[in-house]
Protein chains: 2
Amino acid sequence: MTGYQLAKQFDVSVTFVWHAPHSQIYPELRRLEADGLVSAEAVPRGSRATKRSYSITEAGREELERWVAEVQPPARERDAAYLKATYFELASFETARRQFETHLRHYRNQQRQWEEHVRQLEDRDTALLRRRLEIAPEETHDAIVAYKVHVYRGLIERAKHEVEWASEGLRLVDRLERDRAGDRGSAGLAGQPDDE
Amino acid sequence: MTGYQLAKQFDVSVTFVWHAPHSQIYPELRRLEADGLVSAEAVPRGSRATKRSYSITEAGREELERWVAEVQPPARERDAAYLKATYFELASFETARRQFETHLRHYRNQQRQWEEHVRQLEDRDTALLRRRLEIAPEETHDAIVAYKVHVYRGLIERAKHEVEWASEGLRLVDRLERDRAGDRGSAGLAGQPDDE
DNA sequence: ACAGCCATGTAAGTCGTTACATGATTGC
DNA sequence: GCAATCATGTAACGACTTACATGGCTGT
């Protein structure tokens, strides 16, 4: 593929497990080329211009296999949304609600799109998968599809969990707000505004 | 706290939603100080040495509140384990199994430690939480604890999901290996080694 | 001619990791 | 005296983001 095509894949579809902007892709392709992991071919485009189409090399394939087999230290948790939620006591109930609602909407979307993607994978109906299957021996096709489906199903479950977490968050905010109002009423306290 | 104490908090316990090494903490504290978000006090230590103990300033508290309320673009998925699993067809069944097992072990550990942490939070029995509650008005205590418990419960559920995903992954590898062996047997094919 | 897409870069800056480096204090 | 821990940095490098920049091609 060309750098442009790669960038589009990352940009357009949310179905990708990784993301990179074109400003990272072009230099990286050059580096990979310098390391002999991919090779470039100048393809004419129109009359004057050319584009660079990259293919993986034998060395690249080996490096890819090495990387897949390599066990890497599990990523340390780093989740801005959860970190923030840890300090929601510093915000108003309204703000906390808005945050949970944003979270909810986002993962509902993700879930829908990944479900659609799994459907396409099962039908072997994506451009990339078809290209992958073309060059792979017949008896590996099931495994190729199955691993990818497993990954995206995992992402779907993860998205469902996030939706559930945000929903519970909203219920929690409701409960806390009711409790606060109850305190004020029964104890006859002045009651703080809920931030501060 | 001092930079050292902060570093320890991140280092020692896995219970933190964020992580940072001391090489990031010390310069960052200096930057925060320069921006007036924290203030430092030189505290003597032994006879000759001093350490710098930091406290949040009023401006820092405002910035923290601003940050908590700010809705930020949801992080794009970037998960090396899932990305790798997408290409497990390039590895042997044995390797795929090893990867899933590593994943499983890691999240089982996380789960256990977060469960322990939730227990401590509910008992209001961590040093940080006690310090937080000391300076917060009584009627906010429930909310402070509840939000934190909600976050760590979310992380526990997430860890459970990852354990489940890895277990299913192992079952998938078993199934694919049986299918491959079946192919070889029934069709009498030479059969590829499962990588390549 | 102009809009929208194809195509490819560079630059500045932040964030994060790993390694290098130093010295004081405490308890045995 | 020595080890473990307290305490604080710097440096090099790579990953990532955002913005700046340029120009060709295609269809209307």
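No hydrogens, no waters, no symmetry mates; every other heavy atom, side chains included, goes into these values. Just so it is clear: chains get the letters A, B, ... in the order the sequence lines come, proteins before strands, and each one is counted from 1.
Counting heavy atoms from C-beta outward, V118(B) and K148(B) have side chains that stay 4.5 Å or more apart.
Rounded to whole Å, atom P of dT8(C) lies 9 Å from atom CG of L29(A). We find that NZ of K51(A) is positioned 17 Å from P of dC5(C), with the value rounded to whole Å. Computed from coordinates, the Q24(A) CD to dT10(C) C1' distance equals 14 Å when rounded to whole Å. We find that NE2 of H22(A) is positioned 9 Å from C1' of dT10(C), with the value rounded to whole Å.
For the contact set between residues 70-81 of chain A and DNA chain D, defined by any heavy atom under 4.0 Å, there are no members. DNA chain C is contacted by R45(B), G46(B), S47(B) of residues 33-47 of chain B, taking any non-hydrogen atom closer than 4.0 Å.
Residue Y26(A) places none of its side-chain N or O atoms closer than 4.0 Å to OP1 or OP2 of dG9(C). Under 4.0 angstrom from either OP1 or OP2 of dC25(D) there lies at least one side-chain N or O belonging to R48(A). Contact between the side-chain N/O atoms of R30(B) and the OP1/OP2 oxygens of dT8(D) is not found at any separation under 4.0 Å.
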Tabulated below should be each protein N or O lying under 3.5 Å from an N or O of nucleotides 2-4 of chain C; please produce it.
none

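Ring geometry, F10(A) versus F16(A): the interplanar angle exceeds 60°, so the pair is classed perpendicular (tilted spans 30 to 60°).
With respect to D79(B) and R158(A), a salt bridge is recorded, a charged nitrogen being found less than 4.0 Å from a carboxylate O. Between E134(A) and R131(A) there is no salt bridge, since no side-chain N of the basic residue sits under 4.0 Å from a carboxylate O of the acidic one.
Evaluation of the salt bridge (charged side-chain N to carboxylate O under 4.0 Å, His left out) test over residues 95-108 of chain A, restricted to residues two or more places apart or in two chains, returns E94(A)-R97(A), R97(A)-D174(A), R97(A)-E177(A). Within the structure, the salt bridge (charged side-chain N to carboxylate O under 4.0 Å, His left out) test picks out the following pairs touching residues 33-44 of chain A (sequence neighbours left out): E33(A)-R52(A).
Between its opening and closing five pairs, the helix from dA1(C)-dT28(D) to dC28(C)-dG1(D) changes axis direction by 10°, a value rounded to 10 degrees.
Among the atoms of the strands shown, base atoms are found under 4.0 Å from some heavy atom of S23(B).
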